[in-house]
Amino acid sequence: MRRRIALGILVLAVLVGACTATPEGGGTNADGSATPPTSATTTPTVTVPTDRLPAPEFPDGLDWLNTAEPLRLADLRGKVVLLDFWTYGCINCIHIIPDLERLEQEYADELVVIGVHSAKFTTEGATENIRQVILRYGIEHPVVNDPDFEVWRNWSANAWPTVYLIDPAGGVVGAHAGERVYDVVQPVLEQVVAQFDAAGAIDRTPLDFALESDGLPTTLLSFPGKVLAEPGADRLFIADSGNHRIVEVAPSTGDVAAVYGSGRAGYADGPALGAQFDSPQGMTLSPDGTTLYVADTGNHAVRAIDLGSGKVTTSLGTGSQARMYPPRPGRGQFVDLSSPWDVHYHDGTIYIAMAGSHQIWAYDPETGDAGAIVGSGRESTLNGPGATAELAQPSGVVVGDDLLLFADSESSSIRFSSLATPELITATLAGSDQNLFDFGDEDGFGTEARLQHPLGIEWDPSSGTVLFADTYNSKIKRVDPADGRVTTLFGDGQGWADGGSPQFFEPGGISLDGSTLYVADTNNHVIRAVDLETGRTTTLVLRGIEQFTPPPDDADFGGTIVTLDAVTTGAGPGSFVLDIELPPGHKVNEQAPSSVTWQTEGAAVVMAPDAERALTGVTLPVEIPATFAVGESVVTSDVTLVYCPTDAERLCFIEQLRFRVPVTVTSATVSPRIALPYRIELPDL
């Protein structure tokens, strides 16, 4: 029997924003609830002990990610190791990712972070699904999948997230459950490093891990979280969450009309392509259709986009997560928020699904005032008056027939408050109301139905029913408020398929325009369109998104720069050959636009008038004419290729290449033909 770690180790701090759990057997606390976060903001003074318990070794046979082979703590002697017990749907676990990254950067040579993924939900236990979340959040440290809680039990963990610190000799320094990991851990880590440095026992040899992101192709969209259709306007807004931007598209053609955000995570107001977002999610339009409000989740803010000028401003939030829990009400840019996940404009009020504090907020865009109207901040399933109700990570919000409806993700339910009642009494429309661990995939009536972490929600005015994305079940479902009946409409197992029997992969958002339901198919990196009348699903192909990349110099260029050896050739008519080799079984997409542009420095090379051309659907290689004269030039060619598998034409990848080649032209009579070679390789998954 493997020894469990004793609970008498040094506790680094109290619980701050943690979800407690007893996952063995799927149990809960005695009252079926989770311990609420506290408002503690101070960091304790800690004296690092010298006599420490040895850390339990990792069991054999577990799946590892972000590393080429399983790790052993014994092989990491000389490094400080931080274990992070997490589960990927937990908002508190998401909140500490920046803290872990900061520690990794500041202690790059001394610290190794290892994520231990002990899943709450069934879907979260699949290694492939964990891989997707690693890619979504850009996690670059090793992660071990602990689906049966073996590692969890050995360490006596009881909350997500919990971190343990292990010294370079393999001794357990202490543990911290909850958020604010940096504030709590950094002082202790500094002492541990100093202690072992004095003894010459720190190993600063760099470690190079094989990341899941290595060699992966770039998709046109990256983990789109939410989508918003403007009814009757042929205008669709996409939260391109993984690319930290908002994309505006005409769904009838797929033509991209505008992009808001530079494509890099950050927090900056300004013009469309100069502004920055961080993992944006839900969106809502002002009644006149001129302003788009965005739940800028990673920046803990609500942003506003002027759709006429493209200018982005901050309506609500400071850009930093609230340190008080739950966040206090306030006004405009002076109020702290915590992971707003969705927004919905109704009758002069913007309702906000505040996932990070388990509340629904109301924001008046005229006065700037905002505050919680539903949810005490305690994470659980208790219904009742809005001020005392207990929610669990609401991640989607909509209004229909005076019902304030929300997808309550961690309780796996659809809940609502009646706007017609002053106390905003809450109730459960679909899914269990018993505890946070009562989930599944069962149609039925009201609280007898079982869901799994729903994220998206929409009101269907034509039928008076609620549509929702049952995210972890990869299905689109409907619930009728009249009788609570839950029905699966679309989705048959996790995957990708269009047609009459579609498949989705953890869809995060939905939006309705007449009889067309748009779905942000998050892990498939696409937007799907479901015809509710025929039941058929298609995938939206975007056209022209590459036009909205900020003009790059080499420092900002997001693609691959290929610098070729200098070429000496003769004068006269000749050509450049785009000799780009696609992966086996792939082709240049016949619908989405690909293109090539040219720039020459010096007079030795003059490109043909049609050298800048579309490459949509071409067969590679492609020969581009040019004229060569005696002298010297530097030729730069920017190529954008949208390519896809031959058997899945709507699954698009995008490759951006910048070729640069110095050319010397002599009076020789050799016909110039200069190859620009590149091979696109995909990793074996």
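Predicted model, so just to flag it, every value in this text is computed and none were measured.
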Any donor and acceptor pair, going by atom type alone, linking the side chain of [X] with main-chain N or O of [Y] inside 3.5 Å?
X: N145; Y: G125; answer: yes
X: T290; Y: D288; answer: no
X: S262; Y: L273; answer: no
X: S409; Y: P454; answer: yes
X: T426; Y: S417; answer: no
X: H346; Y: V399; answer: no
X: E448; Y: G444; answer: no
X: T447; Y: D433; answer: no
X: H586; Y: P584; answer: yes
X: N299; Y: A301; answer: no

Could you check whether [Y] and [X], counting side-chain N and O atoms only, form a donor-acceptor pair closer than 3.5 Å?
X: S357; Y: Q359; answer: yes
X: R528; Y: T537; answer: no
X: T297; Y: Q281; answer: no
X: R478; Y: T487; answer: no
X: T314; Y: D269; answer: yes
X: Q393; Y: H358; answer: no
X: T123; Y: N129; answer: no
X: Q503; Y: D492; answer: no

Please name the pair of heavy atoms, one in [X] and one in [Y], separated by the smallest distance, quoted to 0.1 Å.
X: P340; Y: H300; answer: CD-CA, 3.7 Å
X: E128; Y: Q132; answer: OE2-NE2, 2.7 Å
X: A272; Y: V259; answer: CB-O, 3.6 Å
X: T421; Y: I425; answer: OG1-N, 3.6 Å
X: D443; Y: V486; answer: CB-O, 3.2 Å

Salt bridge (Lys or Arg N to Asp or Glu O under 4.0 Å) with [X]: which residues, sequence neighbours excluded?
X: R415; answer: D408
X: E458; answer: none
X: R543; answer: none

Point to revise | Residue pair T428, I414: steps toward the side-chain contact (heavy atoms from CB on, under 4.5 Å) verdict | key: CA-CA 6 Å; T428 300; I414 303 298; over 6 Å; no
Separation between [atom1] of [X] and [atom2] of [Y], rounded to the nearest 0.5 Å:
X: T539; Y: N524; atom1: OG1; atom2: CG; result: 8.0 Å
X: I139; Y: L65; atom1: CD1; atom2: CG; result: 10.0 Å
X: L405; Y: D401; atom1: CG; atom2: CG; result: 9.0 Å
X: T471; Y: L451; atom1: OG1; atom2: CG; result: 10.0 Å
X: I654; Y: S594; atom1: CD1; atom2: OG; result: 7.5 Å
X: L620; Y: L615; atom1: CG; atom2: CG; result: 7.5 Å

Exercise for review: Check whether more than 12 heavy atoms from other residues, nucleotides or ligands sit under 6.0 Å from atom CZ of R613, and answer yes or no.
Suggested key: yes
**Study point:** Close aromatic pair by centroid cut-off 6.0 Å: H344 and Y351
**Key:** no
Point to revise | Pair F406 and F416, ring centroids less than 6.0 Å apart | key: no
Check your understanding: Under the salt bridge (Lys or Arg N to Asp or Glu O under 4.0 Å) rule, what pairs show up with a residue in residues 501-520, not counting sequence neighbours?
Key -> R136-E506
**Study point:** Pairs satisfying salt bridge (Lys or Arg N to Asp or Glu O under 4.0 Å), at least one member in residues 347-371, at least two apart
**Key:** R331-D369
Carboxylate-amine/guanidinium contact [X] [Y], below 4.0 Å:
X: D296; Y: R303; answer: yes
X: D441; Y: K475; answer: yes
X: K311; Y: D306; answer: no

Side chains of [X] and [Y] in contact at under 4.5 Å (non-hydrogen atoms):
X: Y518; Y: P251; result: yes
X: V639; Y: L641; result: yes
X: I476; Y: D470; result: no

**Study point:** Derivation of the side-chain contact (heavy atoms from CB on, under 4.5 Å) call for S315 and Y363
**Key:** CA-CA 10 Å; S315 295; Y363 164 53; 3.4 Å; yes
Donor-acceptor pairs are to be reported for all side-chain atoms of residues 219-238 against protein atoms at under 3.5 Å, with residues two or more places apart or in another chain.
unit_1 : atom_1 : unit_2 : atom_2 : d
T219   : OG1    : L221   : O      : 2.4
K226   : NZ     : S395   : O      : 2.9
K226   : NZ     : L455   : O      : 2.7
K226   : NZ     : G508   : O      : 3.2
E230   : OE1    : R235   : NE     : 2.6
E230   : OE1    : R235   : NH2    : 2.8
D234   : OD1    : S252   : N      : 3.0
D234   : OD1    : S252   : OG     : 3.2
D234   : OD2    : S252   : OG     : 2.7
R235   : NH2    : G289   : O      : 2.9

Practice item. Give me the ring orientation class for H117 and Y88: parallel if the planes are under 30° apart, tilted from 30 to 60°, perpendicular past 60°. Key: tilted
